[in-house]
Amino acid sequence: MAPDSSSIDDPLFDAGHHIFANKDLLKTGHVPEADRIVGRDEEISKLATRLNGAVHGYSPENVMVYGKTGTGKSLVSRHVCQRARNAAQDGVTIGTAYVDCAEDDTETQAVSSLAAKLNDEAETGISVPHTGLSTSKYYKLLWETLDAQYDSTIVVLDEVDLMDDDSVLMKLSRAEEAGKITGSIGIIAISNKIQYIDDLNERVKSSFQHKELFFKPYDANQLREIMYNRRDAFREGVLSEDVIPLSAAFAAQEHGDARKAIDILRHAGEVAFEEEADTVREHHVRQAQQHAEKDRFRELVSGAPTQAKAALLALTELSINASGDAFLTSQVYDQYERVCEFLDMDVLSVRRFRDILKEQAFLGVVEIEKINKGSAGGIHLQNRLIEDAQVVRETILEDARMGDWASE
DNA sequence: CCTCCACTGGAATGTGAGGCGT
DNA sequence: ACGCCTCACATTCCAGTGGAGG
C-alpha cells in the first residue's frame with residue numbers, strides 16, 4: 001500500500017527503488033488528470049452534449065457507452081461528470097455517482113451504494129445504512145436524498161452488462177416521469193457488450209436507443225502518448241528510447257487496450273528491477289510481453305472445462321512423449337481415453353471430442369491443420385499445441401481433478 | 001481420371017439446468 | 001408450485017471430403 005518512495009531505514013526493504021520513482025502512476029485504477037486524457041476529445045464532447053441539460057437545470061439524456069476494455073470508457077465518463085459538476089450554472093447543483101456493477105451486481109446493492117454515495121448526511125440529515133433495508137426502502141432513501149440536494153443527478157453504471165437484471169436501469173430511467181423525484185436524472189450506462197441493449201426491457205431500450213456512444217480501441221500512437229504521460233512513474237533516464245514505442249506496438253496488436261499497455265510497461269520495469277539492470281530496455285519489454293502472453297494463456301487453460309482439460313492433457317502427453325508435435329485426432333482420442341480412464345472421468349464420443357479440440361483451436365490453445373493422406377487414409381486433422389507442452393501440462397495439473405495424473 | 005480410404009462435419013435428437021410467466 | 005421455453009452440452013447417424021496411388 002505505502003508508496004515505494006517512503007524512506008524507512010530498514011535494510012531489508014531497500015531505501016529507494018532504482019527503477020520506479022512513483023509506481024502508483026502505473027496502477028490500473030490510476031486516473032490521470034484531465035489534460036492527460038489522450039485521443040478521446042470527440043467522445044468527451046459527445047458525452048458532454050448529452051448531459052448538457054444537467055448543467056442548465058434541465059433533464060440530461062441517458063447514454064449507453066460501448067467499447068472494449070481499456071478504451072477509456074470509465075475514465076471519460078468520470079471526467080465528464082466532474083466537468084459537469086464544475087460547469088453547473090448558478091443556482092444549479094449537480095450530483096454525480098459512479099457505481100461499478102461488477103461489485104454491486106444486484107439491484108439492492110446498486111441502489112444502496114448509489115444512495116450512500118450521493119447522500120451528504122450533514123446536509124440532508126438522512127442516514128443510509130449499508131445493508132438491512134429492502135430494495136424499495138433504498139429507492140425511497142435515494143429519491144429523498146436527490147430531492148434534498150440536487151437539481152440534476154448523473155449516474156454512471158459501469159459494466160452494466162454484469163448486472164443480474166435491468167430493473168435498476170428501468171427504475172432510474174423512469175424516476176423522473178413517474179414523479180418520484182422533482183429534479184432530473186441522467187444515466188451513463190457502460191457496457192463491454194455491443195448487443196447488451198438488445199436484451200433490455202423495451203421501455204429501457206427506448207430511453208437509451210439512438211443515444212449510444214462507441215469507443216474505438218486506441219491505436220499505437222495514442223497508446224504511446226498515454227504511456228509517455230506516465231513516464232514519470234520511472235526515475236529519470238531509466239527508460240531507454242525504444243521501450244514505450246515497443247510496448248505501444250505490442251498493446252496495439254492486443255486490441256488497443258490501454259490497461260494492457262500500462263501493464264506491459266510496469267512489468268518491463270519489474271523485470272529490469274529483478275535483473276538489477278540500470279535501465280529498462282527493449283528486451284525487458286519483450287520479456288514482459290511474453291510473460292503477459294503466458295498469463296493470458298494460463299488463464300485460458302485453467303478456465304477451460306474439465307473435459308477440455310482432459311483433451312489438452314492427452315495432447316500434452318503426446319507432445320512430450322511421442323515424436324513430432326502434431327497428432328491425428330484419433331491418436332489424441334486414444335490418449336484421451338487413457339486419461340479419462342485413469343482419472344475416472346466420463347469418456348466423450350469422438351464426435352464431441354473433435355468439437356472440443358475445435359473450441360480450443362478457436363481460443364488459440366491448439367492449432368488444427370487439415371491433411372489428406374490419399375488412398376492411405378483420406379482426410380485427417382492434425383492437432384498441435386501452440387504453447388510449450390510443459391507449461392500447458394503444469395497448468396492443467398493445478399486443477400484438483402486433474403492432479404492425480406501427475407503420478408502417470 | 002478414377003478409386004478409395006478413414007476421418008470429417010452437418011443434422012437430428014436427447015438431456016438436464018435454469019429462467020420466466022402464471 | 002407449475003408447465004413452458006431456452007440454452008449448453010452430448011450422442012448417433014451418415015453423406016461428404018479430396019489427394020495419393022493405381
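All chains are named by letter (A, B, ...) in the order of the sequence lines, taking the proteins before the strands, and each is independently numbered beginning at 1. Side chains included, hydrogens not; waters and symmetry mates left out as well; all remaining heavy atoms used.
Other residues, nucleotides and ligands contribute over 12 non-hydrogen atoms within 6.0 Å of the CZ atom of R40(A). In E177(A), the CD atom is crowded: over 12 heavy atoms of neighbouring residues, nucleotides or ligands sit closer than 6.0 Å. The 12-atom threshold is not exceeded at NZ of K46(A), counting heavy atoms of other residues, nucleotides or ligands nearer than 6.0 Å.
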Acceptor/donor pairs from residues 180-190 of chain A side chains to any protein atom, 3.5 angstrom cut, sequence neighbours excluded:
unit_1: T182(A); atom_1: OG1; unit_2: D147(A); atom_2: OD1; d: 2.9
unit_1: S184(A); atom_1: OG; unit_2: Y58(A); atom_2: O; d: 3.3
unit_1: S184(A); atom_1: OG; unit_2: S152(A); atom_2: OG; d: 2.6

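Between the side chain of K309(A) and the main chain of S302(A), a donor-acceptor pair closer than 3.5 Å is present.
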| Reading 5' to 3' through nucleotides 8-13 of chain C, protein heavy-atom contacts under 4.0 Å coded B for base, S for sugar-phosphate only, - for none | -SSBB-

| What string of B, S and - do you get for nucleotides 16-22 of chain C, 5' to 3', if B is base contact, S is sugar-phosphate-only contact and - is no contact with any protein heavy atom under 4.0 Å? | -BBBBS-

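Ring pair F215(A)/Y66(A): centre-to-centre distance not below 6.0 Å.
Scanning for salt bridge (charged side-chain N to carboxylate O under 4.0 Å, His left out) contacts around D355(A) gives R351(A), with sequence neighbours left out. Every residue meeting the side-chain contact (heavy atoms from CB on, under 4.5 Å) condition with V350(A), not counting sequence neighbours, appears here in chain and number order: Y333(A), R354(A).
Where DNA chain B meets chain A (any atom under 4.0 Å from a heavy atom), the bounding nucleotides read 5' to 3' are dC4(B) to dG10(B).
A cation-pi arrangement is found for R78(A) relative to Y98(A), the charged atom lying closer than 6.0 Å to the ring centre and inside a 45° cone about the ring normal.
Within 4.0 Å (heavy atoms only), L328(A) reaches no atom of the nucleic acid at all.
Looking only at atom types and distance, the side chain of T124(A) has a donor-acceptor partner in the side chain of N119(A) under 3.5 Å away.
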